[in-house]
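As structure tokens, the structure follows; a few thoughts come after it.
Because the structure is a prediction, the values reported are computed rather than measured. Positions are given from 1 along the sequence.
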Amino acid sequence: KMHGFDDVEIPMNLQPKKKEDPTIIEDNVWIGTRVIIMPGHRISTGCIIGAGAVVTKDTFRNGIYAGVPAKLIKYR
């Protein structure tokens with residue numbers, strides 16, 4: 001979970017953590033090395049996420065994603 005930062009009088013690491021939706025990784029997915037998946041997003045069935053990508057949105061089924069932020073580059 002990510003730390004809150006709403007109250008500037010309290011250090012960030014002491015603020016309550018924010019509640020988030022779960023990150024969901026479906027079946028038959030390849031995730032490259034050093035990929036970052038931001039909290040609360042879905043990696044759909046059959047996706048490939050290229051090394052070093054930063055996933056900031058839900059993915060489409062059978063998509064190939066790469067980049068920062070990760071973008072759809074091809075369908076399989």
Note to self: Tell me whether His41 contacts the main-chain N or O of Thr56 through its side chain, where contact means a donor paired with an acceptor under 3.5 Å.
What the structure shows: yes
Notebook entry, point to check: In the single-linkage hydrophobic clustering (I, L, V, M, F, W, Y; side-chain heavy atoms under 4.5 Å), do Ile64 and Val29 co-cluster?
Noted result: no
Checklist line | Ile31 CD1 to Ile49 CD1 distance, which is reported to the nearest 0.5 Å | finding: 6.5 Å
Next item on the list: Sorted by first residue and then second, give each side chain to side chain donor-acceptor pair (under 3.5 Å) pair with at least one member in residues 59-76; sequence neighbours left out.
Entry: none
Notebook entry, point to check: Can you list every side chain to side chain donor-acceptor pair (under 3.5 Å) pair that touches residues 27-38, not counting sequence neighbours?
Noted result: none
Item checked: Single-linkage hydrophobic cluster, 4.5 Å side-chain cutoff, Ile48 and Met38 together -> no
Next item on the list: Please answer: with hydrophobic residues joined when any side-chain heavy atoms are less than 4.5 Å apart, are Val54 and Leu72 in the same cluster?
Entry: no
Notebook entry, point to check: Residues in side-chain hydrogen bond (donor to acceptor under 3.5 Å, both in side chains) with Thr45, at least two apart?
Noted result: Glu26
Note to self: According to a hydrophobic-cluster definition based on side-chain heavy atoms being under 4.5 Å apart (Ile, Leu, Val, Met, Phe, Trp, Tyr only), do Ile25 and Val55 belong together?
What the structure shows: yes
Check: Would you say Ile43 and Ile37 make side-chain contact, with heavy atoms under 4.5 Å?
Finding: yes
Checklist line | Gln15: side-chain hydrogen bond (donor to acceptor under 3.5 Å, both in side chains) partners, not counting sequence neighbours | finding: none
Next item on the list: Considering only Ile, Leu, Val, Met, Phe, Trp and Tyr, and joining two whenever side-chain heavy atoms are under 4.5 Å apart, list the other residues clustered with Met12.
Entry: Phe5
Notebook entry, point to check: Tell me, which pairs form a salt bridge (Lys or Arg N to Asp or Glu O under 4.0 Å) where one or both residues lie in residues 7-16, sequence neighbours left out?
Noted result: none
